[in-house]
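These notes concern the structure reproduced below.
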Amino acid sequence: VYANGVAADAAELVSPSALRQPFVIGRVSGGTASGKTTVCDMIIQQLHDHRVVLVNQDSFYRGLTAEESAHAQDYNFDHPDAFDTEQLLECMGQLKRAQPVNVPIYDFKNHRRSSESFRKVNASDVIILEGILVFHDQRVRNLMDMKIFVDTDADIRLARRIRRDTVERGRDVSSVLEQYGRFVKPAFDDFVLPSKKYADVIIPRGGDNHVAIDLIVQHIRTKLGQHDLCKIYPHVYVVQTTFQI
Ligand code: CTP
């Protein structure tokens with residue numbers, strides 16, 4: 001019952017998850033192949049009793065034209081302009097308002113987005129936004145309740161990248177090394193590393209750091225609990241006032 005004597009909808013009082021805003025972890029900017037995905041997967045596993053979604057900044061790569069694709073070796077995929085940040089902001093805004101969104105599907109082999117299919121992402125308690133440059137744009141940073149930087153040794157990242165790009169992304173070793181020296185490493189120094197200052201938490205050794213991941217999960221659980229309370233308390237408070245009057 002509200003102060004004016006109107007009965008509140010029972011569901012409004014007992015269903016905090018329907019009312020609360022999702023907790024956004026802006027997350028896990030690190031260098032290429034730093035183990036961001038591993039860290040996110042571990043956080044998701046530990047939060048199995050909550051609705052958690054992972055949104056990858058890679059999904060918002062601009063698709064290349066046929067002409068650009070023919071010269072893909074000259075294209076800088078590590079520059080902030082390679083991403084459609086406006087679309088990313090739109091999707092994240094919708095998810096924050098607890099609305100479902102269609103996230104594009106990006107193909108690293110052809111440097112294109114799928115024209116037919118999308119991944120439908122539903123409203124959730126926790127949204128993890130992962131990518132190499134998620135701290136670059138201030139508007140994207142402002143969406144985040146917590147920012148994590150995965151700090152992994154450059155040699156380990158390069159070794160992982162060679163393995164990953166040759167096995168999963170249809171590249172050969174010499175093209176990976178050429179791209180690394182020409183674009184990936186300079187962009188890391190110019191854009192990724194300077195964005196580390198925005199992180200709330202820096203995780204050394206990526207997915208091997210179980211203590212850091214446990215602490216992060218504990219913090220998210222605390223925050224989700226507080227979200228519940230601050231949404232329920234106004235109703236509880238009003239009910240009490242009515243009785244006191
Ligand atoms: N990239 C590419 N070709 C494209 C698009 C992107 O080679 N058509 C590369 C960019 O050079 C960029 C990298 O993909 O450096 C971004 O993906 P990365 O962060 O390496 O992948 P993740 O899976 O997020 O890495 P991890 O989870 O291991 O940190």
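Atoms within each ligand, like the ligands themselves, are counted from 1 in listed order.
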Legend entry - Proximity of Phe191 and His79 rings by center, below 6.0 Å: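 They qualify: ring centres under 6.0 Å apart.
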
Inset, instruction - May I ask you to check whether Tyr61 and Phe83 place their ring centres under 6.0 Å from each other? - result: yes

Is the closest N or O pair between [X] and ligand 1 shorter than 3.5 Å?
{"X": "Gln179", "result": "yes"}
{"X": "Thr38", "result": "no"}
{"X": "Asp78", "result": "yes"}

Which is it for [X] and ligand 1 at heavy atoms under 4.0 Å: side chain, backbone, both or neither?
{"X": "Arg160", "answer": "neither"}
{"X": "Ile132", "answer": "side chain"}
{"X": "Asp58", "answer": "side chain"}
{"X": "Tyr61", "answer": "side chain"}

Inset, instruction - Take every heavy atom of Tyr106, measure it against each atom of ligand 1, and state whether any distance is under 4.0 Å. - result: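 For ligand 1, residue contact (heavy atoms, under 4.0 Å) with Tyr106 is present.
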
Inset, instruction - List in chain and number order the residues that pass ring pair (Phe, Tyr, Trp, His ring centres under 6.0 Å) with Tyr198, two or more places apart in sequence or in another chain; answer none if no residue qualifies. - result: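 Not a single residue meets the ring pair (Phe, Tyr, Trp, His ring centres under 6.0 Å) criterion with Tyr198.
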
Inset, instruction - Is it possible for you to check whether Arg62 lies under 6.0 Å from the centre of the six-membered ring of Phe77, through NZ or CZ, and within 45° of that ring's axis? - result: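 No.
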
Inset, instruction - Determine, stepwise, if the pair Tyr75 / Leu64 fulfils side chain to side chain contact (heavy atoms under 4.5 Å, CB included). - result: CA-CA 9 Å; Tyr75 192 88; Leu64 299 195; 3.4 Å; yes

Inset, instruction - Flag the pair Glu168 / Phe108 as yes when at least one side-chain heavy-atom distance between them is below 4.5 Å, and no otherwise. - result: no

